[in-house]
Amino acid sequence: NLTGTARLVAGSITIGRDAGSAAGTGVGVINITGGSATVSGNIAENDGASGDGRSTISITNGLLTAGGTITIDNLNLNNGIVSNASLLTVTTLKGGGTIYGPVTVITNLAPGVGIGTLSVSNSLTLSAACSTVFEMDLDALSCDKVSGVTDVIFNGALTVTNIAGTSHLTNGTTFRLFQANTYSGSFTATNLPVIGGVTWDTSGLGSNGSIKAVVSINTTPTNIVAAFSSTNIDLSWPSDHIGWRLQSQTNAPGVGLTTNWSTVANSSSTNHVFISIDPSAGSGFYRLIYP
């Protein structure tokens with residue numbers, strides 16, 4: 001554990017060695033929190049088995065400098081910096097920070113802490129078994145990014161998950177996931193947010209690292225059909241209007257229509273909602289809006 005101004009200087013580091021065991025079955029963790037480590041040679045797990053989870057380096061506001069190669073299971077960054085002169089090979093790479101050197105990811109890449117950016121100021125290679133996961137916020141129109149890359153080689157599966165609503169998503173909205181000088185390879189599978197009336201154009205991945213929303217929603221205003229029971233209001237609208245947002249307001253007795261509209265959660269991904277009736281309310285109003 002390197003914290004504050006603590007500094008480790010080493011010729012090489014082997015993570016996960018067990019006393020008396022050449023195979024090295026122990027688990028090793030290096031935590032750099034504000035401190036720094038300078039290694040003139042290589043950093044490696046003792047047994048060299050990829051993906052067994054026995055070697056982890058976590059860096060929070062700290063610095064790791066290596067003159068040789070780095071070969072580990074897990075690298076977690078939170079505003080951390082890695083300066084590697086030779087190849088960094090990592091099974092799972094997560095978080096946001098900066099890597100100054102070539103990177104190969106074997107199994108998992110998840111850039112950003114929340115919505116954030118991972119900078120790789122060199123080449124980035126994704127292996128065939130790699131699962132690359134990005135988060136996006138379709139309310140704020142923001143997404144995780146991998147930036148600063150000289151050349152990126154795509155492979156494996158790309159998954160993008162939406163962590164918020166869709167209130168500002170419109171036709172042609174573009175999200176640049178990778179910022180690189182050159183792009184090659186391709187993802188063998190893509191798993192993108194499922195949103196009514198929206199398909200995703202992935203043709204930009206090979207030229208500028210981006211995906212684009214293609215919205216095919218009927219934008220002509222329509223009616224809401226209402227049915228009532230003793231406890232619920234059943235509201236529905238045409239399926240070609242999936243993507244519109246249902247808004248509501250409920251007011252006290254004696255208060256009519258005001259401006260206090262709120263969006264019904266997840267209503268933009270459906271055309272049918274049930275809303276509980278509040279017997280104490282004086283009035284309730286509903287409307288569809290787009291975008």
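Numbering starts at 1 and runs along the sequence shown.
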ask   = Run the side-chain contact (heavy atoms from CB on, under 4.5 Å) check on Leu138 and Ile195 step by step: do they pass?
value = CA-CA 11 Å; Leu138 294 181; Ile195 303 166; 3.2 Å; yes
query = Rounded to the nearest 0.5 Å, how far apart are CG of Leu75 and OG1 of Thr89?
reply = 11.5 Å
ask   = Can you tell me if Ser267 uses its side chain to pair, donor with acceptor, with the backbone of Arg245 under 3.5 Å?
value = no
query = Closest heavy-atom contact between Thr170 and Pro291?
reply = CG2-CB, 3.8 Å
ask   = Shared ILVMFWY cluster between Ile99 and Ile153, side chains joined below 4.5 angstrom?
value = no
ask   = Tell me, do Asn76 and Thr56 make a side-chain contact under 4.5 Å, heavy atoms counted?
value = yes
task = Working to the nearest 0.5 Å, report the span between CE of Met136 and OG1 of Thr173.
result = 10.0 Å
query = Is Thr188 reaching over with its side chain to a backbone N or O of Gly156, donor-acceptor style, under 3.5 angstrom?
reply = yes
key: Worked check of side-chain hydrogen bond (donor to acceptor under 3.5 Å, both in side chains) between Thr190 and Thr202   = CA-CA 9 Å; Thr190 55; Thr202 61; 5.4 Å; no
task = For Asn191 and Thr159, test the side chains for any donor-to-acceptor distance below 3.5 angstrom and give the result as yes or no.
result = yes
request  = Establish whether Val255 and Phe285 are linked, either directly or via other cluster members, by ILVMFWY side-chain heavy-atom contacts under 4.5 Å.
outcome  = no
Worked check of side-chain contact (heavy atoms from CB on, under 4.5 Å) between Val146 and Thr132 = CA-CA 11 Å; Val146 177; Thr132 299; over 6 Å; no
request  = Look only at the side chain of Asn61 and the backbone of Gly34, and say whether a donor-acceptor pair between them is shorter than 3.5 Å.
outcome  = no
query = Between OG1 of Thr107 and CG of Leu126, what distance do you get to the nearest 0.5 Å?
reply = 11.5 Å
ask   = Ignoring hydrogens and geometry, is there a side-chain-to-backbone donor-acceptor pair from Gln179 to Lys145 under 3.5 Å?
value = no
task = Flag yes if Tyr290 and Ile242 sit in one hydrophobic cluster, no otherwise; membership is Ile, Leu, Val, Met, Phe, Trp, Tyr, and two members link when side-chain heavy atoms are under 4.5 Å apart.
result = no
request  = Give the intermediate values and the outcome of side-chain contact (heavy atoms from CB on, under 4.5 Å) for residues Ile43 and Ile15.
outcome  = CA-CA 8 Å; Ile43 300 173; Ile15 303 176; 4.2 Å; yes
ask   = Do the side chains of Asn260 and Asn251 get nearer than 4.5 Å, heavy atoms only?
value = yes
query = Taking atom types as modelled and ignoring hydrogens, do the side chains of Thr117 and Ser147 form a donor-acceptor contact shorter than 3.5 angstrom?
reply = no
task = Assess whether atom CZ of Arg287 is packed by more than 12 heavy atoms of other residues, nucleotides or ligands within 6.0 Å.
result = yes
message = Quick check against the 3.5 Å criterion: does Ser127 have a side-chain atom that pairs as donor or acceptor with the backbone of Val105?
response = yes
task = Give a yes or no on whether the backbone of Asn218 and the side-chain of Trp244 come within a donor-acceptor separation of less than 3.5 Å.
result = yes
ask   = If every non-hydrogen atom of Gly114 is compared with every non-hydrogen atom of Asp144, which pair is closest and at what distance?
value = O-OD1, 2.9 Å
task = Kindly say whether Thr182 contributes a backbone atom to a donor-acceptor pair with the side chain of Asp151 at under 3.5 angstrom?
result = no
request  = Would you name the heavy atoms of Ser248 and Val264 that are closest together and state the gap between them?
outcome  = OG-CG2, 4.0 Å
Flag, side chain of Asp139 to backbone of Gly165, donor-acceptor distance under 3.5 Å = yes
ask   = Any side-chain heavy atom of Ile30 within less than 4.5 Å of one from Leu64?
value = no
message = Is the shortest side-chain heavy-atom distance between Lys94 and Val113 below 4.5 Å?
response = no
task = Check the surroundings of atom CG in Asp234: do more than 12 heavy atoms from other residues, nucleotides or ligands lie under 6.0 Å from it?
result = yes
Closest heavy-atom pair and its distance - Val152, Ala180 = CG1-CB, 3.9 Å
remark   = Interatomic distance, CG@Leu141 vs OG1@Thr166, rounded to 0.5 Å, equals 10.0 Å
key: Donor-acceptor side-chain pairing of Asp201 and Ser203 below 3.5 angstrom   = yes
request  = Could you state whether Ile13 and Leu87 fall into the same hydrophobic cluster, counting links through intermediate Ile, Leu, Val, Met, Phe, Trp or Tyr residues with side-chain heavy atoms under 4.5 angstrom apart?
outcome  = no
Same apolar cluster (I L V M F W Y, side chains within < 4.5 Å links), Leu205/Trp200 = yes
Side chain proximity check, Leu177 to Cys143, heavy atoms < 4.5 angstrom = yes
Under 3.5 Å donor-acceptor, Asn84 side chain and Ala66 backbone = no
query = Are Ile32 and Leu63 close enough that some pair of their side-chain heavy atoms sits under 4.5 Å apart?
reply = no
query = Quick one: are Phe134 and Phe175 in side-chain contact, heavy atoms under 4.5 Å?
reply = no
query = Do Ser55 and Asp73 have a side chain donor and acceptor closer than 3.5 Å?
reply = yes
message = By the definition side-chain contact (heavy atoms from CB on, under 4.5 Å), identify the one residue from Thr150, Val82, Val103, Leu88 that meets it with Val120.
response = Val103
inquiry  = Once rounded to the nearest 0.5 Å, what's the spacing between atom SG of Cys130 and atom CZ of Phe187?
reply    = 8.0 Å
key: Separation between OG of Ser142 and CD1 of Ile163, rounded to the nearest 0.5 Å   = 7.0 Å
task = Go through Thr33 and Asn31 one step at a time and tell me if the side-chain hydrogen bond (donor to acceptor under 3.5 Å, both in side chains) criterion holds.
result = CA-CA 6 Å; Thr33 306; Asn31 294 313; over 6 Å; no
ask   = Between Trp237 and Asn223, what is the shortest heavy-atom contact and its length?
value = CB-O, 3.9 Å
key: His168 atom NE2, over 12 foreign heavy atoms within 6.0 Å   = no
task = Apply side-chain contact (heavy atoms from CB on, under 4.5 Å) to the pair Leu257 and Gln249, showing each step before the final yes or no.
result = CA-CA 8 Å; Leu257 182 64; Gln249 59 172 277; 3.3 Å; yes
query = Would a distance-only check, ignoring hydrogens and angles, find a side-chain to backbone donor-acceptor pair under 3.5 Å from Thr231 to Ser229?
reply = no
remark   = Heavy-atom closest pair (Ala281 atom, Thr250 atom, distance to 0.1 Å) is CB-CG2, 3.2 Å
task = Evaluate the side-chain proximity of Glu45 to Ile72: yes if any heavy-atom separation is below 4.5 Å, no if none is.
result = no
